[in-house]
Amino acid sequence: MVSVEKRIWIARDYSKCSGCRRCEIACSLFHEGRIWPEASRIRVFMLIPGVEVPHLCVQCEDYPCVEACSVKALSVNQKTGAVIVDKEKCTGCGLCINACPGKIPHIHPTENYALICDLCGGNPQCVKVCQEGGWKALTIVEREEDYSYKVYARTVEEITKDLTVKLYGEKGEELI
Amino acid sequence: MFGYAGKILEVNLSTGKISVLKFEDEILKNYIGGRGLAVKILWDRLGKHWEKINPLGSENILLFLTGPLTGFFPGARTCVSGKSPQSNGVVGSTIAGEFGVELKCAGYDGIIVTGEAEKPVYLFIKDEDVEIRDASHIWGKDAKQTVTLLTKECRELLEKRFPRYGTWKEPSILYIGPAGENKVRTAVVAAKWTHAAGYGGYGAVMGAKRLKAIAVKGTRALPEVADMEKVKQLTEVITKKIYKKELWRRWGTASSGYDVGAKTSSEPVRNWQDEWHNQKSYGVDKFENRFWVKHYWGDFGCPTTCMKIAVIKTGKFKGAITDNPDYELQAYLGTNLGIFTPEENVFLASLIDDLGLCGIQTGNVLGFAAELYQRKILKKEDLDGLELEWGNAEAFAALTKKIAYREGIGKIFAEGTYRAALKIEKWKKTNVLKYAIQCKGIGIGAHGIRSGEDYPINISYACSVQGGDHTSIACLPINDLRSELLMVFHDSAVYCYFNTFGIPRNIKFEFYKAVTGVELTENDWVNVKALRILQLQRAMLLLGGPDKKWKPKEHDDNPPRFYEPLPSGPYKGKTVNRENFEKDKKRYYEAVGWDENGVPKSETLKKLGLDDVDKVLEKIR
Ligand code: SF4
Ligand code: SF4
Ligand code: SF4
């Protein structure tokens, strides 16, 4: 019997993010064995206090980052749909960052390769801690085939602007 | 040692010299970090002429210290310290946020700031790059503008200097508002618009040094630990327990604004003339339903996230943004001023944040001022035309601004309750000190002792080495969980002690071992290491100066009001019994090794290896 395993997607509700950064801790422990916020594949930005934005790859349906890489260091994992960085090939040139509509990848703080969410092979550690804590800023949903996930790939600045107005109203407009 | 970055940054603002120093393992094992290490550094550098050091002079030292558990134990904090312009002793004042984590990731366990800058400056730290930068353009700015401007400026610098990195996450920032710039003694060192290291008045010290802010970005990992598996396992134990405490998480300390008044009858009402109220208008649901836009807000690693964000979106206070307010600010900027409407409370808390003031200390001085107005000791014309009626939020707001800018009558109240009382006594030739609800220059936290139903006891403030600080109280027996001898651990390992509530008491020491690899028993901590830190703090508190020295006979006491009977509520008539107080004080002195005059005994000090302290204390024996 062949069962088609649905891919997952991490849905995000920024306004629920508590800023606990337990996701950064979980992600860096999982990938680096250390607590290392700057090496986390999910980064919680706070350009305005109270307006925390957990920023991570959305797996665009056309993967512009993968396309842009001139040394073919990026590929898509067929099972999960996550972007996989080949650390050996990646030169840390930043072409993928430029290609990403949300400027989401960044270069590892001490190594010379890009950091992009790999969905932890299908078991996202960040979502686990976020759910355990009941904040539910990150939730796993089934990924639909024909949906434009790419619109979620926005810059931190853009998300922050919208969210500030949502939280702080008119005062928010003034602050940004 | 594991858990430490291994270096401390030292910045001399007078000369511009930037250097790095290391502490021996022996010192770290004994003093840990944060408050303990601050006390050690201050004693070693300033102890011999402590009474001559002006807390607001260039000779004072300002410390920003992490501890080995910062970033590992859930709920990161940073400890701010120095000679306190409130008590003339040392206060370990902690502030939540990522600052300590960024600092450790940048390679430093702390920052020692000496001297004073000629012009306003801020420190910008990115790993090993440390710069003293001009801050003239942000000097004078309020909290919201300061954070927004600095975040933008520092991110632009990072993007320019490291263009290939990708989007730069903001550095973590500690700053002062206008109150700190104006050396107001109730000014805080702040973070994230609303967080504050309040007790101690270190915002004024930072202002005196013309240091507007410190921004730090650390890109490395937190230091190696002795046993990461154990750290993970203990974290799991802690977070699992905390997640079950949904009431606490959901309403935080803000749930107490009604309860501590109505139930335990220990909330300051109208400058502590009462400690009971039954104002249902002040229930936490009123704050929640009307103002909270974020219900769980927290800092690095915190499972509790007890902060909430309150915003006023309509009406005359539109645009006010603050956190919660938490219990202390609900009390001090609410009930203590006769204010029982959440809206006015949120408005005042937001103003306090913007100006960089301490809600507790400033609420304490505002209540004191209003009682003097009530008693007609200060009249409208004395108060620059303000009618300081109880509940008049706008008059209190006006006085708050005068305090922050030291304008008119604000000049007097900017000195904090105690010093303002002394000035007003001279001016009005009448005893007003009896209305000052403080201990050794520090306004008492919003937990009264008269009903006997709240957590502090009769000697808690009178015998504490941090005066009125409700987070560091004296208690008997000295190994009671509430005792400052245990609180010193949280403040020295530097994490948020709210994440120890309901957690087996030994877990913090197990955690310490998992991180540092060093065994520490509670017995060794309380009876040796913490006791040693306490003696040093006590010594510096008693040496005091230059403007004020404390005599234990006179100042190891509660404010006179705490001996008046509670006028209403379920505990009406209850008060502190003077005889019992004196007895307990004596017991406490004995328990911590102080003589009958409250001075650390020679034998106590010698046993703890503090012979040099013993010598210096000769002059006050
Ligand atoms: S774990 Fe969830 S709530 Fe916490 S910072 Fe990450 S996204 Fe936000
Ligand atoms: S969000 Fe950015 S990193 Fe992720 S797939 Fe799209 S382009 Fe690539
Ligand atoms: S799914 Fe995994 S890799 Fe992706 S951000 Fe979350 S923890 Fe990191």
Side-chain angles (χ1 to χ4, degrees), chain A residues 15-22 24-25 28-29 32-40 43-52 55 92-94 96-98 100 102-110 112 114-115 129 132-135 137 155-157 166-172 174-176, chain B residues 71-72 74 76 98 101-102 105 144 147-148 151-152 155 162-170 191-195 217-222 224-225 228 231-232 235 239-240 242-243 246 249 293-305 307 309 311-314 318-321 323:
Chain A
S15 59
K16 284 193 182 148
C17 175
S18 67
C20 74
R21 294 156 175 89
R22 295 200 62 81
E24 290 183 344
I25 297 173
S28 58
L29 274 173
E32 310 280 338
R34 303 281 293 270
I35 298 181
W36 194 345
E38 282 294 327
S40 171
R43 293 187 298 158
V44 180
F45 284 76
M46 190 202 71
L47 306 189
I48 300 263
V51 185
E52 281 78 5
H55 208 219
C93 70
C96 57
I97 306 174
N98 291 341
C100 175
K103 305 280 170 282
I104 292 169
H106 72 293
I107 306 299
H108 192 290
T110 56
N112 203 30
L115 294 172
V129 289
E132 268 173 11
W135 301 290
T155 62
V156 184
E157 288 79 3
K166 173 172 172 172
L167 289 173
Y168 298 148
E170 259 178 57
K171 180 75 183 181
E174 209 179 285
L175 290 165
I176 46 177
Chain B
F72 297 110
E98 290 67 46
V101 179
E102 292 277 6
C105 290
K144 297 201 170 83
V147 173
T148 322
T151 301
K152 195 161 169 268
R155 283 185 77 227
F162 309 93
R164 266 178 40 185
Y165 189 68
T167 311
W168 272 97
K169 211 161 78 163
E170 74 291 343
K192 301 189 185 184
W193 292 355
T194 62
H195 292 8
K217 170 52 67 193
T219 67
R220 311 291 152 75
L222 276 180
E224 297 265 14
V225 298
M228 187 52 101
V231 168
K232 284 192 204 167
T235 304
T239 51
K240 285 267 146 67
I242 299 273
Y243 290 153
E246 188 50 23
R249 297 183 73 214
V293 298
K294 195 171 257 195
H295 291 240
Y296 300 88
W297 194 40
D299 304 277
F300 193 85
C302 183
T304 304
T305 50
M307 299 282 176
I309 298 178
V311 182
I312 301 181
K313 289 187 176 171
T314 57
K318 186 160 97 178
I321 301 172
D323 56 348

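Naming: A, B, ... by sequence-line order, numbering from 1 per chain. Only heavy atoms go into these numbers, but all of them, side chains included; no hydrogens, no water, no symmetry mates.
Ranking Lys144(B), Lys240(B), His295(B), Lys318(B) against chain A, the residue ahead of the rest is Lys318(B), based on heavy-atom pairs under 4.5 Å. For chain A, the option among Ile242(B), Thr305(B), Val225(B) with the highest count of heavy-atom pairs below 4.5 Å is Thr305(B). Counting heavy-atom pairs closer than 4.5 Å to chain A, the top residue among Gly301(B), Gly166(B), Ala221(B), Ala320(B) is Ala221(B). Of the residues considered (Lys166(A), His55(A), Glu132(A), Glu32(A)), Glu132(A) shows the highest number of contacts with chain B, using heavy-atom pairs under 4.5 Å. The most heavy-atom pairs under 4.5 Å with chain B, out of Ile48(A), Leu167(A), Ile176(A), come from Leu167(A). Comparing Val156(A), Ile107(A), Asn98(A), Leu115(A) by how many heavy-atom pairs each has under 4.5 Å with chain B, the most go to Ile107(A). Most heavy-atom pairs under 4.5 Å with chain B: of the set Lys171(A), Lys103(A), Arg43(A), Met46(A), this distinction falls to Met46(A). Taking chain B as the reference chain and counting heavy-atom pairs below 4.5 Å, the highest number among Ser28(A), Gly92(A), Ala39(A) is found for Gly92(A).
Inter-residue side-chain proximity for Val147(B) and Lys192(B) is flagged as unmet; no heavy-atom pair is nearer than 4.5 Å. The closest side-chain heavy-atom distance from Thr167(B) to Thr155(A) is not below 4.5 Å. For the pair Glu38(A)/Tyr165(B), a side-chain contact is recorded, criterion being any heavy-atom separation below 4.5 Å from C-beta on. Looking at heavy atoms from C-beta onward, Trp193(B) lies in side-chain contact with Leu175(A) at the 4.5 angstrom threshold. Two residues are said to be in side-chain contact when any heavy atoms from C-beta on lie closer than 4.5 Å; Arg34(A) and Leu222(B) fail this criterion.
Shown here for Ser40(A) and Glu24(A), the closest heavy-atom pair between the two residues is OG-CA, 3.5 Å. Of all heavy-atom pairs between Glu170(B) and Lys217(B), the closest is O-NZ, 3.3 Å.
Only the side chain of Thr110(A) comes within less than 4.5 Å of a heavy atom in chain B; its backbone stays farther off. Contact annotation for Glu246(B): neither backbone nor side-chain heavy atoms come within less than 4.5 Å of a heavy atom of chain A. Within the 4.5 angstrom heavy-atom criterion, only side-chain atoms of Ile25(A), from C-beta onward, approach chain B. For a residue to count as touching a neighbouring chain, one of its non-hydrogen atoms must lie under 4.5 Å from one of that chain's; by this rule Thr219(B) touches chain A with backbone and side chain alike. Both the backbone and the side chain of Glu52(A) come within contact range of chain B, judged by heavy atoms closer than 4.5 Å. With a 4.5 Å cut-off on non-hydrogen atoms, Val311(B) touches chain A through its side chain but not through its backbone. Of the atoms belonging to Val231(B), not a single heavy atom falls under 4.5 Å from chain A. Using a 4.5 Å cut-off between heavy atoms, Thr235(B) contacts chain A through its side chain alone, with no backbone atom that close. For Ile97(A), the part lying near chain B is the side chain, with the backbone staying farther off; criterion is any non-hydrogen pair under 4.5 Å. The contact between Cys93(A) and chain B is made entirely by backbone atoms, counting heavy-atom distances below 4.5 Å. For a residue to count as touching a neighbouring chain, one of its non-hydrogen atoms must lie under 4.5 Å from one of that chain's; by this rule Cys105(B) touches chain A with the side chain only.
A donor-acceptor contact shorter than 3.5 Å links the side chain of Lys294(B) to the backbone of Cys17(A). Counting only distance, with no hydrogens or angles, the side chain of Arg249(B) and the backbone of Gly133(A) share a donor-acceptor pair below 3.5 Å.
Between Glu157(A) and Arg155(B) there is a salt bridge, since at least one side-chain N of the basic residue sits less than 4.0 Å from a carboxylate O of the acidic one. Between Glu170(A) and Lys313(B) there is no salt bridge, since no side-chain nitrogen of the basic residue lies less than 4.0 Å from a carboxylate oxygen of the acidic one.
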For a side-chain contact (heavy atoms from CB on, under 4.5 Å) check, start with the C-alpha distance between Thr304(B) and Tyr296(B), then their side-chain angles and the critical distance, and finish with the verdict. CA-CA 8 Å; Thr304(B) 304; Tyr296(B) 300 88; over 6 Å; no

